[in-house]
Every structure is written in C-alpha cells, then in structure tokens.
> 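Handing you this structure, nothing more for now.
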Amino acid sequence: MKRLAVFVSGSGSNLQALIDAIVEGQLEAQIVVVVSNRRAAHGLVRAEQAGIPTLYFPLKPYREAGRSRTEYDADLAQKVAAYKPDLIVLAGWMHIFSPAFLDHFPRRVLNLHPALPEQFAGTQAIQRAYEVFQAGEINHTGVMVHWVIPEVDAGPVITTAEVPIYQTDSLADLERRIHATEHRLLVEAVRQVLS
Ligand code: GRF
C-alpha cells in the first residue's frame, strides 16, 4: 500500500476528498500523516476524525528563536521522512518550501493550485481570475496539480482541468465549481502518480 503524507493549512476539503476516495475504494493508498503549520486548520480535525496521525509543526517558534526557514524546512523534512511517505501531497499548504525540504523527497512532492499553469500563481488565485473575467479578458480558469519546485505554484505539470466561468457567476459560484474540480482532479492525479 502506497503511503501518503498530506500537508494542509486550512479547511482540508481536498484532504477530505482523498480520505473519502480511499474509504470508497477509489484510491489505493494510505494516509500515514497529516501535517499542518496552523493549529486552527480544520484539516487537522478531519484527520483526527479519520483516525490519521497528525503533526502540527509551526514556523513561529523558529522565527522567535532567530532560526531560519531553511532550518524549519530541514527539521520538518526529517520528521516527515520518519513516516516513509511514497508521496507528499500539498493540499492547501501555505508555506513555500526551499530545497532544504524538497531535496529530501525528489519528485515526490506535488501541489494542487486553483488556476491553470503560469496563471495566477500565489494566493487569491480564484478571486484574481474572477476579476480578470469581470474585465472581459477570460471566460475560463482552471485547476492544476504539479510537482513542486522552490518557485511558488510552478513546476512540471501532472494534470490540469479547465473550469468555465459563466456570465451569471458570482465569485462564490466560481469558487464552488473550482473546489469541486479540485477534489476530483487531486484524487485522479494521486492515482495517476502512484500507478
Ligand atoms: C485549495 O483551493 C487549494 O488549491 C489552495 O488552497 C485551497 C485549499 O482548500 N492551494 P482546502 O483546505 O483543501 O479546503
């Protein structure tokens, strides 16, 4: 059974999609740990409810002790390596990893982003796409899953899905459609990578 480590910073709905796919037999894998850098991340609650071990590992104590992000990344890599993950899934993980983390897991860290490659990298991607749509410049956006490199929301693409934006859409409508697409695409991408 392939071993997944899932990293979350927020609500964890994509983590939930992976948990559900595993329970329903659509994904043959085991989530061996859920990592969060935020204590309040609801993803931690979802993990606990599913009986999955959690690791809360915040950056703040490092900052306060005058220690670097590189040290944080290296220590986190070591802790996660102990779970022997075959694949690390960044699902709403709000921290940009340096090589101090990534070099421990070559070609084993993937990220989900709510936009198409080379568009709307960084935070608020859905809102920024909606604004560009309102300016009449685009009629679709999308979702991608890609291998992680130190540059934010960039790296070799694993899979993408286009998401249409309709004239009647509110931002909330678009967010709902994108999140539904993410939940499907992430499960597909993990399945594809593990097979
Ligand atoms: C997703 O839209 C993901 O693409 C982005 O952050 C959001 C996380 O949502 N990076 P959730 O925590 O999985 O519900």
> Show your working on side-chain contact (heavy atoms from CB on, under 4.5 Å) between Met144 and Thr159 and close with a plain yes or no.
CA-CA 6 Å; Met144 72 163 159; Thr159 184; over 6 Å; no
> Phe133 vs Glu137, test: side-chain contact (heavy atoms from CB on, under 4.5 Å). Steps then yes/no.
CA-CA 5 Å; Phe133 157 77; Glu137 289 169 34; over 6 Å; no
> Determine the minimum heavy-atom distance between Ala189 and Ile158, stating which atoms define it.
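Between these two residues, the closest heavy atoms are CB-CG2, 4.3 Å.
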> Look only at the side chain of Gln127 and the backbone of Gln124, and say whether a donor-acceptor pair between them is shorter than 3.5 Å.
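Absent.
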> Report yes if the side chains of His95 and Asp73 come closer than 4.5 Å at any heavy-atom pair, otherwise no.
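Yes, side chains in contact.
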> Side chains of His179 and Asn14: donor-acceptor distance under 3.5 Å anywhere?
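Absent: no donor and acceptor within the cut-off.
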> Could you measure the distance from the CE atom of Met1 to the CD1 atom of Ile22? Nearest 0.5 Å is fine.
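Result: 8.0 Å between the selected atoms.
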> Considering only Ile, Leu, Val, Met, Phe, Trp and Tyr, and joining two whenever side-chain heavy atoms are under 4.5 Å apart, list the other residues clustered with Tyr56.
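When side chains under 4.5 Å apart are linked, Tyr56 ends up in no cluster with other residues.
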> Provide the full list of salt bridge (charged side-chain N to carboxylate O under 4.0 Å, His left out) pairs with a residue in residues 91-109, sequence neighbours left out, each pair given once.
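Sorted pair list comes back empty.
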> Do you know which two heavy atoms are closest between Leu194 and Ala29, and how far apart they sit?
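Heavy atoms of Leu194 and Ala29 come nearest at CD1-CB, 3.9 Å.
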> Do you know which two heavy atoms are closest between His104 and Ala100, and how far apart they sit?
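For His104 versus Ala100, the nearest heavy atoms are CD2-O, 3.3 Å.
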> To the nearest 0.5 Å, what is the distance between CG (Leu186) and CG (Leu18)?
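If I round to the nearest 0.5 Å, the distance is 4.5 Å.
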> Let me check something: do Ile126 and Tyr130 share a hydrophobic cluster, defined by ILVMFWY side-chain heavy atoms less than 4.5 Å apart, either directly or through other members?
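Yes: a chain of side-chain contacts under 4.5 Å links Ile126 to Tyr130.
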> Which ILVMFWY residues can you reach from Leu76 by hopping between side chains whose heavy atoms are under 4.5 Å apart?
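Result for Leu76 is Phe7, Val32, Val33, Val35, Leu55, Phe57, Leu59, Tyr62, Tyr72, Val80, Tyr83, Ile88, Leu90, Trp93, Phe97, Phe101, Leu102, Phe105, Val109, Val148.
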> Give a yes or no on whether the backbone of His146 and the side-chain of Asn111 come within a donor-acceptor separation of less than 3.5 Å.
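Between the backbone of His146 and the side chain of Asn111 there is no qualifying donor-acceptor contact (under 3.5 Å).
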> Write out all pairs satisfying salt bridge (charged side-chain N to carboxylate O under 4.0 Å, His left out) with one or both partners inside residues 146-174, taking only residues at least two apart or from two chains.
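For residues 146-174: Asp169-Arg177, Asp173-Arg176.
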> Can you tell me which residue pairs pass the side-chain hydrogen bond (donor to acceptor under 3.5 Å, both in side chains) test with a partner in residues 27-45, sequence neighbours excluded?
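Every side-chain hydrogen bond (donor to acceptor under 3.5 Å, both in side chains) pair that includes a residue of residues 27-45, provided the two are not neighbours, is Ser9-Asn37.
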> Can you tell me how far apart CG (Leu174) and CD1 (Ile165) are? Round to the nearest 0.5 Å.
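Interatomic distance, Leu174 CG to Ile165 CD1, rounded to 0.5 Å: 5.0 Å.
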> Using the rule that Ile, Leu, Val, Met, Phe, Trp and Tyr join whenever any side-chain heavy atoms are under 4.5 Å apart, tell me whether Leu171 and Val132 fall into a single cluster.
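Yes; tracing contacts between hydrophobic side chains, which count when under 4.5 Å, links both residues.
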> Determine, using the 4.5 Å side-chain heavy-atom cutoff (strictly less than), whether Val23 and Ile52 are members of one ILVMFWY cluster.
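Yes: a chain of side-chain contacts under 4.5 Å links Val23 to Ile52.
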> If two hydrophobic side chains count as joined below 4.5 Å and joins carry through other members, does Val190 share a cluster with Val157?
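The answer is no; the residues belong to distinct hydrophobic clusters.
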> CG of Leu112 to CD of Glu182: how many Å apart, nearest 0.5 Å?
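The distance works out to 4.0 Å.
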> What are the two closest non-hydrogen atoms of Ala161 and Arg184, and how far apart are they?
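Taking every non-hydrogen atom into account, CB-NH2, 3.9 Å.
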> Check whether any side-chain heavy atom of Pro114 lies under 4.5 Å from a side-chain heavy atom of Glu175, and answer yes or no.
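In short, these two side chains do not touch, never coming nearer than 4.5 Å.
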> Contact between Gln192 and Glu188 at the side-chain level, heavy atoms closer than 4.5 Å - yes or no?
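The answer is no, as the side chains (C-beta and beyond) never meet within the 4.5 Å cut-off.
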> Do Leu110 and Ile149 land in one hydrophobic cluster if side-chain heavy atoms of ILVMFWY residues count as linked below 4.5 Å?
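No, Leu110 and Ile149 fall in different hydrophobic clusters.
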> Please walk me through it: do His140 and Val163 pass side-chain contact (heavy atoms from CB on, under 4.5 Å)?
CA-CA 6 Å; His140 71 274; Val163 175; over 6 Å; no
> Can you list the steps and then say if Val143 with Ile178 is a side-chain contact (heavy atoms from CB on, under 4.5 Å)?
CA-CA 7 Å; Val143 171; Ile178 288 194; 3.9 Å; yes
> Between Pro85 and Leu4, is there a side-chain heavy-atom distance shorter than 4.5 Å?
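Leu4 vs Pro85: side chains apart.
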> For Ala47 and Thr54, which heavy atoms make the closest approach, and how far apart are they?
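Residues Ala47 and Thr54, closest heavy atoms: CB-CG2, 3.6 Å.
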> Say you draw a straight line from OG of Ser195 to NZ of Lys2; how long is it, rounded to the nearest 0.5 Å?
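It is 9.5 Å, given to the nearest 0.5 Å.
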> Return each pair, listed once, that meets salt bridge (charged side-chain N to carboxylate O under 4.0 Å, His left out) where at least one residue sits in residues 75-85; pairs must be two or more places apart or across chains.
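Residue pairs with at least one partner in residues 75-85: Arg67-Asp75.
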> Is the CD atom of Glu118 crowded by more than 12 outside heavy atoms at less than 6.0 Å?
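Open: at most 12 neighbouring heavy atoms sit under 6.0 Å from CD of Glu118.
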> Strictly distance-based, threshold 3.5 Å: is any side-chain N or O of Arg128 a donor or acceptor partner for the main-chain N or O of Thr123?
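Yes, the answer is positive, given that a donor and an acceptor are paired below the 3.5 Å cut-off.
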> Quiz question: by atom type and distance under 3.5 Å, do the side chains of Ser13 and His183 form a donor-acceptor pair?
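Per modelled atom types, Ser13 and His183 side chains form a pair under 3.5 Å.
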